Amino acid sequence: MSAPARPSPPLAEVVMPKPFRDYLAAHGGKSLVWHAYDLLFAYFLTQHLQLPPQTMGLLTMALMLFGALADPVAGWLIGRGPDVPHRLVRLQAWGALVSALAFMALFSVPLPLSPVAHALGTGLVFQLCYKLYDVPQNALTSVLARDNREVLQLSAGRYFLGGGARILVAFAAYLLVGEPAASRSGGSVALFIALLCAPALLSAWRLARVIRKPVDEPADADVHGAIAPVRGGSFPRLPQGMAMLLLATFVNAGLLSVMGRMMPYLASRSGVLIAFSIGTLALLPLFQQLASRRGEHVAFLLAAGLSAVACIGLSHAFTLPGVAGDLGLNAFAFLYGGGSFGCTMLLWGTAANLIHRHHERTSVRADTFSYGIYTFASKLGIALSMLMLGQVLDPAVARSPAADHGLALDRSAALAALGALLCTMAIYRTMRSLSGSHARRGRAASGLRAVLQGSSGSSGSTFADSGEGRNGTSNGEVRLPSVPGR
């Protein structure tokens, strides 16, 4: 008598396995915190704490430099233990808790201290706490995945959740920026920050609860059951091809992103902050389709070119009066958001693939250290962009939200055009070499479509057909086999 057929897995499990969904939810929660910091911290310093733009630029640059230097150190320290999922999710859960506390202190009104001392002290604490939150969660992108298709599936999901988080932050922040912000109390800002931290905490601890310590596999067995060597020596080797990627990442974050930091200052005139944030999500399918059909290098060329043209358009539209100027600002902000976020997504996807390919070639994991170096380059660029923002802004901005930003937009557009050119020159050949394999492009297309289109086909994962985890349990927990130690 034949055994009864097993029930079909739920559709959600077919499209994307449960650990992937919980990981992406945790990333979305973390993105709320990061995008609030990225979009609003400089604005908070000049408009709420009344710091001059040059002081703001130097202070935020110093904080970001500190964070950039701490990233590879945190990656190395965390990487001294095995990069197994259960260890990394515990670290990011505790990191979420301490980061949320530090983040609320960062945006609080300083009572006993001067504004500079308050911002510097709480900013340093937040940067330290955020390392424990960010580095382990980034490493999970390649640790949870078993092949390039799953890497790209997670990378695409990260950026859609990140884009959605940016839109939510922009809509909420629209109530706090511009002329109405001058009449709002510090309590409104504190409530806004607390509401952003709550989803980050819940999703991080949910991920830690779902992915539990494996109990039935040896610690030195990889996901295919083979014994993998443990890395010896003090530091791992960086993946091949990372040098030009790091340079492109630095230029992208340092020059191309300055215009994005101008958006909160234009919010009193039109909805550019919201249009910019919507563009970051709406144009991603365009770059995904182009990357899958023509290669990542072609998609990046379009994204960088679109960003540069949109920045020049923003600068011109600001000089137009009335409705024409407002419509122009919103349209070009939308295009700039899509182009700049497309560049960042393609750079991140390249990093994830280089790191995953390094493990496949060497059987040695360097995930946390490699992601630490990558975020070091990114935050080093952000530090440069913060300094540039302080230099291009009108000094009167600390006294009046309605200060003239025409010259600042002209300067930001020039920096964006230069950044787009340098970034493309740095990364084009690396992306072209990664796009050379037709088979790889096919895997990228199917993996990304599973996220973008919600297809009902297989995600390519090797999770059990029953809809549970790899070592699924009936109580909703997921137990993953160990990934090779370091």
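Bear in mind that the values here come from a model prediction, so they are computed numbers and not experimental data. Hydrogens, waters and symmetry mates are skipped; everything else that's a heavy atom, side chains included, is used.
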Exercise for review: Output, in order, the C-alpha distance, side-chain angles, deciding distance and verdict of side-chain contact (heavy atoms from CB on, under 4.5 Å) for T60 and M56.
Suggested key: CA-CA 6 Å; T60 52; M56 175 275 295; 3.9 Å; yes
When rounded to the nearest 0.5 Å, the distance separating NE2 of H27 from CG of D134 is 9.0 Å
Smallest heavy-atom separation, V169 atom then L196 atom, equals CG2-CD2, 4.1 Å
Fill in: Any donor-acceptor N/O pair, S315 side chain to I312 backbone, under 3.5 Å
no
Requested in this report: Measure from the side-chain N and O atoms of S31 to the backbone N and O of A165, and report whether any donor-acceptor pair falls under 3.5 Å.
Outcome: no
Check: What's the verdict on side-chain contact (heavy atoms from CB on, under 4.5 Å) for Y23 and Q137, showing C-alpha distance, side-chain angles and the deciding distance?
Finding: CA-CA 8 Å; Y23 167 73; Q137 199 178 98; 3.7 Å; yes
V89 and A208 have their tightest heavy-atom pair at O-CB, 3.9 Å
Exactly one of Y133, F126, F192 clears ring-ring contact (aromatic ring centres under 6.0 Å, His included) with F103, and that residue is F126
To the nearest 0.5 Å, atom CG of L128 lies from atom CG of L124 at 7.0 Å
- Message: One pair to check against side-chain contact (heavy atoms from CB on, under 4.5 Å): K131 and D71. What are the steps and the verdict?
- Response: CA-CA 6 Å; K131 303 304 116 183; D71 273 319; 3.2 Å; yes
| query | Is there side-chain contact between M61 and L389, with at least one heavy-atom pair below 4.5 Å? | reply | no
Please confirm whether the backbone N or O of Y428 pairs with a side-chain atom of H297, one donor and one acceptor, at under 3.5 Å?
no
Could you tell me if T344 and N252 have a donor-acceptor pair between their side chains, going purely by distance under 3.5 Å? yes
Do M431 and L347 have side-chain heavy atoms sitting under 4.5 Å apart?
yes
Here the gap from L329 atom CG to L409 atom CG, rounded to the nearest 0.5 Å, amounts to 7.5 Å
Looking only at heavy atoms, the pair that brings A417 and A308 closest together is CA-CB, 4.0 Å
Check your understanding: Is there a donor-acceptor contact under 3.5 Å from the side chain of Q92 to the main chain of A204?
Key -> yes
Would you say N330 and D326 are linked by a side-chain donor-acceptor pair, where the criterion is simply a distance under 3.5 Å?
no
Verify whether the ring centers belonging to F44 and F107 lie closer than 6.0 Å.
yes
Heavy atoms of P53 and L393 approach each other most closely as CB-CB, 4.1 Å
* Asked: Do any N or O atoms from the side chain of T249 and from the backbone of L245 form a donor-acceptor pair under 3.5 angstrom?
  -> yes
Residues F341 and T280: closest non-hydrogen pair is CD2-O, 3.1 Å
| task | With side-chain contact (heavy atoms from CB on, under 4.5 Å) as the test, would you mind laying out the steps for R206 and L202 before giving the verdict? | result | CA-CA 6 Å; R206 165 69 180 174; L202 292 175; over 6 Å; no
Less than 3.5 Å apart, any donor N or O on the side chain of R261 or S385 sitting next to an acceptor on the other?
yes
Value for CG (L63) from CZ (F41), rounded to nearest 0.5 Å, stands at 5.5 Å
So CD1 of I167 and CG of L281: to nearest 0.5 Å the spacing works out to 4.5 Å
Counting C-beta onward and ignoring hydrogens, is there a side-chain heavy-atom pair between L256 and C423 closer than 4.5 Å? no
Taking every heavy atom of Q127 against every heavy atom of Y37, the minimum-distance pair comes out as NE2-OH, 3.3 Å
Report task. Examine distances only and state if a side-chain atom of S307 and a backbone atom of S340 form a donor-acceptor pair shorter than 3.5 Å. Result -> yes
**Message:** Could you check whether Y336 and F332 have their ring centres less than 6.0 Å apart?
**Reply:** no
Could you tell me whether the side chain of F160 reaches within less than 4.5 Å of the side chain of P285, counting heavy atoms only? yes
* Is a side-chain N or O of H35 found less than 3.5 angstrom from the main chain of G162, in a donor-acceptor match? -> yes
| Residue pair R166 / L273, side-chain heavy-atom distance below 4.5 Å | no
Between the CG atom in N138 and the CG atom in L88, the distance rounded to the nearest 0.5 Å is 10.5 Å
Worksheet entry | Centroid-centroid distance, F287 to F300, less than 6.0 Å | no
